[in-house]
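Working notes, structure below.
These numbers come from a predicted model, not from an experiment. Order of appearance sets the numbers: ligands from 1, and atoms from 1 within every ligand.
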Amino acid sequence: MTLNTVWAEIPMSDTAKNTKNPIRGLLTAGVRPQSTPRSTKSIINMSMGDPTVYGNLKTPVGVLEAMHKHLDSYKGHGYGPATGLNVARQALADKYSDPENGVNYTSDDTFLATGGSGAIELAMAALCGTGDSILIPRPGFTLYKTQAVSRGIDAREYDLLPENNWQADLAQMDSLIDSTTKAILINNPSNPCGSNWSKQHILDIIAIAEKHRVPIISDEMYEQLVFSGQVFYSTASLSKNVPVLTIGGLAKIHLVPGWRIGWVIVHDPINVMNSVKAALVNLCAILNGPNTTVQLAMPEIFFGDFNAAHLDFLKKTLEENARLVEKKANSIKGLRAITPQGAMYVMILFDPDVFDDSINNDSDLFHTLLWEENVEILPGDIFGLKNSMRIVIAPPKEILAEAFDRIETFCKRHYKN
Ligand SMILES: Cc1ncc(COP(=O)(O)O)c(C=O)c1O
């Protein structure tokens, strides 16, 4: 027998081929070379939804102290149960139960995950398989589509309407549901829109879900992160007859995205989710749960006295930044910011007709702005909305102000004559 000693390139699996995260793809691909010289100014990053990039928004000391304590205890270094340590699951049940609204969780209703991303994966996989469909928002967090497509799930997008405070197009949502639809995914407050829905709008979505007997996955990574005059409503607390899988995580509120702690909580007001909970138990066994030291610290992280002051500071800072970005953007011809109400983002619409031929679309804007001014935003089309850009408002004010000075210079350079 003769051995073939020459190896061909080993092919990629079909799953990997179908798995594309447009944000990571864009940011790792680098800048598209242009004919003008590359800017030598320092880079300004308003692209990554990571609030820790500039160091102005710091993880609360109480969170760090809890982590130190549990690191030093030597009790958080082993494997934990796949669904999460009981102390963490109980902390979640205690924090998110809302008895006044009939929401009474036990630790068995909660499932720890690797970040909010892992929680989305758990919830989606528990409800949907190949050939099923799921409704997702457009514009929306890119991972929803990435994960759905990777698993052969048909991701059907319902529109969020900028002129209507980014509320969902309810008629369209209703029309997209058929017998293959296993979940309606909503995200409130929204990435990328920075919107916070009214109680009535969430109730309207719950009514659609009830009509079709479809559960809701409610991504609430930015829960409570809303600006003055706004009230955040958790979908589970409003839902009397529709099961809700709530997604949450420590990343944004506690400013520890790298710690990779997220969760799914099952609200089952009509007792139809026992199989889905069993599915979550099965799926958690694939990765055996996230970081155990952080899980041990979760009671202190959730219930420490520092939380109220921290949340106030975070909301105030983000709101001031949002107003600054909105004002600056609206003073530049061709740009229009949609007033945000929460989360960490401002969506800015741009009018390609006022710009010269080098700025025809979102991709042109992204690459040319990065090349000429070293300002990194994210093009709105990767979230599903053309002629827009998403700005992360977590950087310090002076950095945001400098970024918009550069954006103004850039726009002036590219206006059509
Ligand atoms: C709406 C939303 N859901 C989920 C996630 C993922 O969270 P994590 O970074 O903890 O995986 C993000 C992160 O940006 C997000 O914006």
Subject >> Cation-pi geometry met for Arg89 and Phe111 (6.0 Å, 45°) >> reply: yes
Quick one about [Y] and [X] (side-chain donor to acceptor, distance below 3.5 Å, no hydrogens or angles considered), yes or no?
{"X": "Tyr105", "Y": "Asp94", "answer": "no"}
{"X": "Ser358", "Y": "His414", "answer": "yes"}
{"X": "Asn361", "Y": "Lys386", "answer": "no"}

At less than 3.5 Å, what protein N or O atoms come close to the N or O atoms of ligand 1? Include the distances to 0.1 Å.
residue	atom	partner	partner atom	Å
ligand 1	3 (N)	Asp219	OD1	3.4
ligand 1	3 (N)	Asp219	OD2	2.6
ligand 1	9 (O)	Arg260	NH1	3.2
ligand 1	10 (O)	Gly116	N	2.7
ligand 1	10 (O)	Arg260	NH1	3.4
ligand 1	11 (O)	Gly116	N	3.2
ligand 1	11 (O)	Ser117	N	2.8
ligand 1	11 (O)	Ser117	OG	2.5
ligand 1	11 (O)	Arg260	NH1	3.3
ligand 1	11 (O)	Arg260	NH2	2.8
ligand 1	14 (O)	Lys252	NZ	2.8
ligand 1	16 (O)	Asn191	ND2	2.8
ligand 1	16 (O)	Tyr222	OH	2.7

Original post:
Do Phe302 and Trp263 make the cut of ring centroids closer than 6.0 angstrom?
Top reply: yes
Original post:
Using 4.0 Å as the upper bound for N to carboxylate O, is an ion pair formed by Glu402 and Arg406?
Top reply: yes
